[in-house]
**Q** 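Have a look at this one before I ask anything.
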Amino acid sequence: MPECWDGEHDIETPYGLLHVVIRGSPKGNRPAILTYHDVGLNHKLCFNTFFNYEDMQEITKHFVVCHVDAPGQQAGASQFPQGYQYPSMDQLAAMLPSVVQHFGFKYVIGIGVGAGAYVLARFALIFPDLVEGLVLMNIDPNGKGWIDWAASKLSGLTSTLPDMVLSHLFSQEELVNNTELVQSYRQQISSVVNQFNLQLFLNMYNSRRDLDINRPGTVPNAKTLRCPVMLVVGDNAPAEEGVVSAGLPQAAFSPQPGKLTEAFKYFLQGMGYMPSASMTRLARSRTASLTSASSVEGARPRACTHSESTEAMGQINHTMEVSC
């Protein structure tokens with residue numbers, strides 16, 4: 001890989017072009033950080049605020065960052081023709097090795113939100129050797145049952161596309177109480193992302209299969225993720241019930257970007273990718289207690305203090321306990 005691919009790229013894959021944005025340059029043999037956004041968003045709308053946060057930049061100076069936009073979701077994307085068959089969720093995952101190979105990455109640490117978290121989890125299940133670690137935010141590992149499917153079809157007849165996306169991004173409580181934030185998202189969903197392309201992506205996400213991940217030892221030959229995972233679930237988020245019922249690992253911290261960045265730093269440090277010398281301002285002001293053990297816990301934003309140990313995501317090499 002050349003010293004710097006900084007900028008925008010269109011990558012050929014077996015299932016069509018992928019729009020990719022590279023920030024920074026490779027740092028030795030370190031993995032790339034690869035992001036995948038949620039439905040209704042793109043990499044800018046989903047990740048700009050987080051990656052522009054001061055403490056997050058203390059992390060990214062150690063990595064090359066690769067932002068992936070789902071097909072047709074980037075700003076200014078051309079509308080797909082009528083009859084276009086949007087890639088399935090499995091096919092979206094199968095597009096990512098082309099990105100890894102194009103830039104010469106050995107492996108990646110994935111950060112995904114919602115639908116993007118599902119794609120990255122599927123990617124890690126199909127191509128485990130390419131994934132060093134995962135941060136999965138608001139992932140719903142379950143496919144829709146026929147009742148949910150029928151309800152979403154009915155909703156599609158009575159609701160606008162932005163309304164359907166907002167009900168995926170926010171809980172009912174948030175839709176009522178955070179009207180200014182919700183209206184900001186509504187405006188961006190309506191104006192930045194091509195609505196026809198967005199509908200195709202949403203339809204495919206709503207037809208996803210269960211990830212069907214099991215705790216190691218619960219069933220013979222359990223299918224599980226073989227990399228460290230940090231799970232982030234918003235309090236009362238639409239995906240919260242599915243995450244909990246799936247037995248995915250979780251811990252608690254408040255949802256400020258500083259807390260998320262802090263947890264991510266120690267997650268990376270646990271894998272040996274953040275030198276202790278770089279744990280500066282955050283380390284001095286940290287309120288979390290962190291230990292090392294045989295499993296990893298993700299992060300669950302809640303108002304209460306909560307942590308628990310589990311090995312639900314597979315062969316893991318450290319535990320994080322974050323309290324607030």
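Predicted model only: the values in this text are computed from it and were never measured. When a residue number appears, it is its place in the shown sequence, counting from 1.
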**Q** Over 60° means perpendicular and under 30° means parallel, so tell me whether F47 and F51 are parallel, tilted or perpendicular.
**A** perpendicular
**Q** Test of understanding: clusters of I, L, V, M, F, W, Y form through side-chain heavy atoms closer than 4.5 Å, transitively. Do L17 and V99 belong to the same one?
**A** no
**Q** List the steps and the verdict of side-chain contact (heavy atoms from CB on, under 4.5 Å) for D140 and Y205.
**A** CA-CA 10 Å; D140 187 344; Y205 176 66; 3.9 Å; yes
**Q** So do the side chains of F201 and V193 get within less than 4.5 Å of each other, counting heavy atoms only?
**A**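 A side-chain contact is absent here, since even the closest heavy-atom pair is not under 4.5 Å.
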**Q** Looking at OG1 of T49 and CE of M56, how far apart are the two atoms once the value is rounded to the nearest 0.5 Å?
**A**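 Between atom OG1 of T49 and atom CE of M56 there are 12.5 Å.
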**Q** Could you tell me if the side chain of L268 sits less than 4.5 Å from the side chain of H62, heavy atoms only?
**A** no
**Q** Are any non-hydrogen side-chain atoms of M204 and Q85 less than 4.5 angstrom apart?
**A** yes
**Q** Answer yes or no: does atom CD of Q195 have more than 12 heavy-atom neighbours from other residues, nucleotides or ligands under 6.0 Å?
**A** yes
**Q** Mind checking whether L96 and F127 have side chains closer than 4.5 Å, heavy atoms only?
**A**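 SC-SC contact between L96 and F127 ruled out.
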**Q** Treating Ile, Leu, Val, Met, Phe, Trp and Tyr as nodes and any side-chain heavy-atom pair under 4.5 angstrom as an edge, say whether L161 and L175 lie in one connected cluster.
**A**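 Looking at the clustering, L175 is in the same group as L161.
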**Q** So F105 and L130, do their side chains get closer than 4.5 Å, heavy atoms only?
**A**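 Not in contact.
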**Q** Got R186 and D163 here, is their nearest side-chain heavy-atom distance under 4.5 Å?
**A** yes
**Q** Tell me whether M95 shares a hydrophobic cluster with V119, the cluster being built from Ile, Leu, Val, Met, Phe, Trp, Tyr side chains joined at under 4.5 Å.
**A**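 Per the 4.5 Å side-chain linkage, M95 and V119 are co-clustered.
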**Q** I'd like to know if the side chain of Y86 and the backbone of P71 have a donor-acceptor N/O pair within less than 3.5 Å.
**A**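 The answer is yes, because a donor-acceptor pair under 3.5 Å joins these two groups.
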**Q** Of all the heavy-atom pairs spanning K61 and E58, show the shortest one and how long it is.
**A** CG-O, 3.4 Å
**Q** Write down the atom of P128, the atom of R226, and the distance for their closest heavy-atom approach.
**A**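 Closest pair (atom of P128, atom of R226, distance): CG-NH1, 3.6 Å.
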**Q** Verify the neighbour count for atom CG of N29: are there more than 12 heavy atoms of other residues, nucleotides or ligands below 6.0 Å?
**A** no
**Q** Counting distance only, does the side-chain N/O of S190 pair as donor-acceptor with the main-chain N or O of Q187 below 3.5 Å?
**A** no
**Q** What about the rings of F196 and F80, do their centers lie closer together than 6.0 Å?
**A**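 No, too far apart.
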**Q** Looking at S88 and Q91, what are the two nearest heavy atoms and their distance?
**A** N-OE1, 2.9 Å
**Q** Closest heavy-atom contact between L34 and L120?
**A**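 Reported closest heavy-atom pair: CD2-CD2, 3.7 Å.
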**Q** Would you check if F264 and I33 make a side-chain contact, meaning some heavy-atom pair closer than 4.5 Å?
**A** yes
**Q** If every non-hydrogen atom of G40 is compared with every non-hydrogen atom of L198, which pair is closest and at what distance?
**A** N-CD1, 3.3 Å
**Q** Pair L211, R122 - check side-chain contact (heavy atoms from CB on, under 4.5 Å), show working.
**A** CA-CA 7 Å; L211 280 176; R122 182 67 71 187; 3.9 Å; yes
**Q** Could you walk me through whether M89 and R209 pass the side-chain contact (heavy atoms from CB on, under 4.5 Å) check?
**A** CA-CA 8 Å; M89 300 304 286; R209 301 181 291 130; over 6 Å; no
**Q** My understanding is that only one of F123, F103, F63 makes a side chain to side chain contact (heavy atoms under 4.5 Å, CB included) with V108; could you say which?
**A** F123
**Q** Do I22 and C66 come within less than 4.5 Å of each other through their side chains, counting heavy atoms only?
**A** yes
**Q** What's the spacing between D38 CG and C46 SG if we round to 0.5 Å?
**A**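 Nearest 0.5 Å value for the CG-SG distance: 6.0 Å.
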**Q** Indicate the atoms forming the closest heavy-atom contact of A121 with I139, along with that distance.
**A** CB-CD1, 3.9 Å
**Q** As a quick check of understanding, evaluate salt bridge (charged side-chain N to carboxylate O under 4.0 Å, His left out) for R208 and D90, giving each step before the final call.
**A** CA-CA 9 Å; R208 69 192 181 279; D90 281 8; over 6 Å; no
**Q** If only atom types and distance count, is the side chain of N42 paired as donor or acceptor with the main-chain N or O of K44 below 3.5 Å?
**A**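 Flag set: sc N42 to bb K44 pair under 3.5 Å.
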**Q** Kindly state whether the ring of Y185 and the ring of F170 have centres lying under 6.0 angstrom apart.
**A**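 Centroid distance Y185-F170: below 6.0 Å, so yes.
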**Q** Roughly how far apart are L181 CG and L166 CG, rounded to 0.5 Å?
**A**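 It is 9.5 Å, given to the nearest 0.5 Å.
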**Q** Would you find more than 12 non-hydrogen atoms of other residues, nucleotides or ligands less than 6.0 Å from K106 atom NZ?
**A**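 No, the 6.0 Å shell around NZ holds no more than 12 heavy atoms from other groups.
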**Q** What's the separation between atom CG in L18 and atom CD in Q73, rounded to the nearest 0.5 Å?
**A**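 Taking CG in L18 and CD in Q73, the distance rounds to 11.0 Å.
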**Q** Between V21 and I59, is there shared hydrophobic-cluster membership here, with clusters defined by ILVMFWY side-chain heavy atoms closer than 4.5 Å?
**A** no
**Q** Checking the side chain of Q79 only, and the main-chain atoms of N197 only, is there a donor and an acceptor separated by less than 3.5 Å?
**A** no
**Q** Could you give the distance from CG (L260) to CD1 (I111), rounded to the nearest 0.5 Å?
**A**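 Between L260 CG and I111 CD1, I get 8.0 Å after rounding to 0.5 Å.
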**Q** Output every pair passing side-chain hydrogen bond (donor to acceptor under 3.5 Å, both in side chains) with a member in residues 127-136, not counting sequence neighbours, ordered by first then second residue.
**A** E132-Y273
**Q** Dump the intermediate steps for side-chain contact (heavy atoms from CB on, under 4.5 Å) on H102 and S98, then the final yes or no.
**A** CA-CA 6 Å; H102 179 87; S98 297; over 6 Å; no
**Q** Nearest 0.5 Å, please: how far is CG in D69 from CD in E8?
**A** 8.5 Å
